[in-house]
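Right, one structure below, let's go through it.
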Amino acid sequence: MDTDNRLGAFLRARRQQVGPEEFGMTGGGQRRVAGLRREEVAMLAGMSADYYIRLEQGRDKHPSDQIVAALARVFSLDDDGIAHLRELARPAPRRSRAPRRPERVTPSLLRLMRTWSDTPALVLGRYMDVLAATPSAIALNSCSAPGVNQVRMVFLDPEARNVFPDWPRIAAETVAGLRVGAGTELDDPRLTELVGELSLKSEDFRRLWAKHDVRAKTAGEKRFVHPLVGELGLSYETFTVNGAPGQTLVVYHAEPGSDSAQSLALLAGLPVEDAPMSSPAR
């Protein structure tokens with residue numbers, strides 16, 4: 001990971017994903033790399049080519065708000081992407097890093113989750129470690145068991161492609177969510193270890209990580225295939241856990257009266273053996 005020139009790495013990755021045809025550019029000779037040339041980005045953003053090159057090379061790391069807005073427009077960034085670009089352009093002062101304590105779920109939140117006997121819900125840590133889960137969540141999908149890292153499971157467990165019919169979308173969203181959780185702290189030892197392992201073992205992860213997509217998980221739809229009840233289509237909502245930076249509560253639900261709701265009710269009645277409700281992350 002390029003931790004010294006994070007802004008430049010992001011700009012290069014986004015530039016390579018924007019085609020010249022999106023701006024009506026044709027011709028221009030043979031292109032050696034995918035996406036726009038640096039000079040084309042500069043022209044479209046209304047800045048000098050020399051200045052944009054300095055941004056990519058890390059010789060200027062603090063573009064103005066106007067420059068950030070212009071680059072966001074050229075790269076068609078969504079709200080999450082714009083927020084990430086702004087964070088890269090205005091990073092918080094680095095402080096000496098204290099050893100990070102293991103992430104744990106508060107006893108009060110665990111007590112609340114114990115009352116959700118029929119609701120699949122889980123708490124994810126900063127790097128998508130499952131910190132706590134209801135029995136229904138564990139019965140729905142083994143990747144929701146406390147102690148599992150969902151990024152590692154999605155890319156390294158062969159069964160993941162059977163569990164998630166929409167695996168390519170799930171994989172892309174997982175990597176984009178990991179970048180949101182990491183923010184600009186790309187030198188965090190836990191993240192470095194995780195990204196290093198996955199980059200060595202998974203070509204898909206390596207490709208998606210290089211795209212620098214950022215997307216917070218807020219709400220959406222997800223399909224699962226369960227060996228006992230077949231396919232389920234569920235909605236999910238996410239909530240940040242106040243007082244626990246980086247922790248997210250994810251709650252799944254099905255349309256009332258649907259086949260998926262009936263399947264969830266069946267899963268809720270299944271015993272979950274030897275599955276603790278919570279587990280601290282490193």
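We count residues from 1, following the sequence as given.
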Could you tell me whether the side chain of [X] and the main chain of [Y] form a donor-acceptor pair under 3.5 Å?
{"X": "Ser258", "Y": "Glu255", "result": "yes"}
{"X": "Thr218", "Y": "Thr238", "result": "no"}
{"X": "Arg38", "Y": "Ala49", "result": "no"}
{"X": "His226", "Y": "Ala139", "result": "yes"}
{"X": "Arg12", "Y": "Glu56", "result": "yes"}
{"X": "Glu103", "Y": "Arg126", "result": "yes"}
{"X": "Arg73", "Y": "Leu44", "result": "yes"}
{"X": "Ser199", "Y": "Gly196", "result": "no"}
{"X": "Asp118", "Y": "Ala268", "result": "no"}
{"X": "Arg15", "Y": "Leu36", "result": "yes"}

Non-hydrogen atoms of [X] and [Y] that approach each other most closely:
{"X": "Pro63", "Y": "Arg90", "value": "O-NH1, 2.6 Å"}
{"X": "Ala121", "Y": "Val251", "value": "CB-CG2, 4.1 Å"}
{"X": "Pro165", "Y": "Val225", "value": "CG-CG2, 3.5 Å"}
{"X": "Ala45", "Y": "Ala70", "value": "O-CB, 3.4 Å"}
{"X": "Arg14", "Y": "Val18", "value": "O-CG2, 3.4 Å"}
{"X": "Arg190", "Y": "Arg152", "value": "NH1-NH2, 4.4 Å"}

Review point. Is there a side chain to side chain contact (heavy atoms under 4.5 Å, CB included) between Leu124 and Val250 once you walk through the steps?
Key: CA-CA 8 Å; Leu124 295 176; Val250 185; 4.1 Å; yes
Practice item. Take Phe75 and Val41, measure what side chain to side chain contact (heavy atoms under 4.5 Å, CB included) needs, and give me the verdict at the end. Key: CA-CA 9 Å; Phe75 297 144; Val41 173; 3.9 Å; yes
Spacing of [atom1] belonging to [X] relative to [atom2] belonging to [Y], to within rounding of 0.5 Å:
{"X": "Tyr252", "Y": "Asn141", "atom1": "OH", "atom2": "CG", "answer": "7.5 Å"}
{"X": "Gln247", "Y": "Thr106", "atom1": "CD", "atom2": "OG1", "answer": "7.5 Å"}
{"X": "Asn5", "Y": "Phe10", "atom1": "CG", "atom2": "CZ", "answer": "13.0 Å"}
{"X": "Trp167", "Y": "Thr174", "atom1": "CH2", "atom2": "OG1", "answer": "9.0 Å"}
{"X": "Arg86", "Y": "Leu71", "atom1": "CZ", "atom2": "CG", "answer": "12.0 Å"}
{"X": "Ser260", "Y": "Leu267", "atom1": "OG", "atom2": "CG", "answer": "10.0 Å"}

Student check: side-chain heavy atoms of [X] and [Y] closer than 4.5 Å:
{"X": "Gln150", "Y": "Ser144", "value": "yes"}
{"X": "Phe205", "Y": "Val154", "value": "no"}
{"X": "Ile138", "Y": "Pro146", "value": "yes"}
{"X": "Lys217", "Y": "Tyr236", "value": "yes"}

Point to revise | Verdict with reasoning, Arg223 to Glu231, per salt bridge (Lys or Arg N to Asp or Glu O under 4.0 Å) | key: CA-CA 7 Å; Arg223 291 194 298 154; Glu231 184 172 313; 2.8 Å; yes
Check your understanding: Just wondering, are more than 12 heavy atoms of other shown residues or ligands nearer than 6.0 Å to CG in Asp79?
Key -> no
Practice item. Give a yes or no on whether Glu21 atom CD has more than 12 heavy-atom contacts from other residues, nucleotides or ligands under 6.0 Å away. Key: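 Yes, the 6.0 Å shell around CD holds more than 12 heavy atoms from other groups.
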Point to revise | From CA spacing to verdict: side chain to side chain contact (heavy atoms under 4.5 Å, CB included), Val175, Leu178 | key: CA-CA 5 Å; Val175 174; Leu178 179 64; 5.5 Å; no
Exercise for review: Fit a plane to each ring of Phe224 and Phe164, take the angle between them on a 0 to 90° scale, and name the class: parallel (under 30°), tilted (30 to 60°) or perpendicular (over 60°).
Suggested key: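 Phe224 and Phe164: tilted rings.
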Exercise for review: Check Leu122, Leu110, Leu249, Val241 against Val105 for a side-chain contact (heavy atoms from CB on, under 4.5 Å) and give me the one that passes.
Suggested key: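 That would be Leu110; it is the only one of Leu122, Leu110, Leu249, Val241 passing the side-chain contact (heavy atoms from CB on, under 4.5 Å) with Val105.
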Exercise for review: Any chance you could lay out the side chain to side chain contact (heavy atoms under 4.5 Å, CB included) test for Tyr127 and Val151, step after step, and finish with the verdict?
Suggested key: CA-CA 8 Å; Tyr127 302 126; Val151 189; over 6 Å; no
Are [Y] and [X] linked, directly or through intermediate hydrophobic residues, by side-chain heavy-atom contacts shorter than 4.5 Å (ILVMFWY only)?
{"X": "Ile53", "Y": "Val68", "answer": "no"}
{"X": "Leu200", "Y": "Leu198", "answer": "no"}
{"X": "Trp116", "Y": "Leu131", "answer": "yes"}
{"X": "Tyr52", "Y": "Ile82", "answer": "yes"}

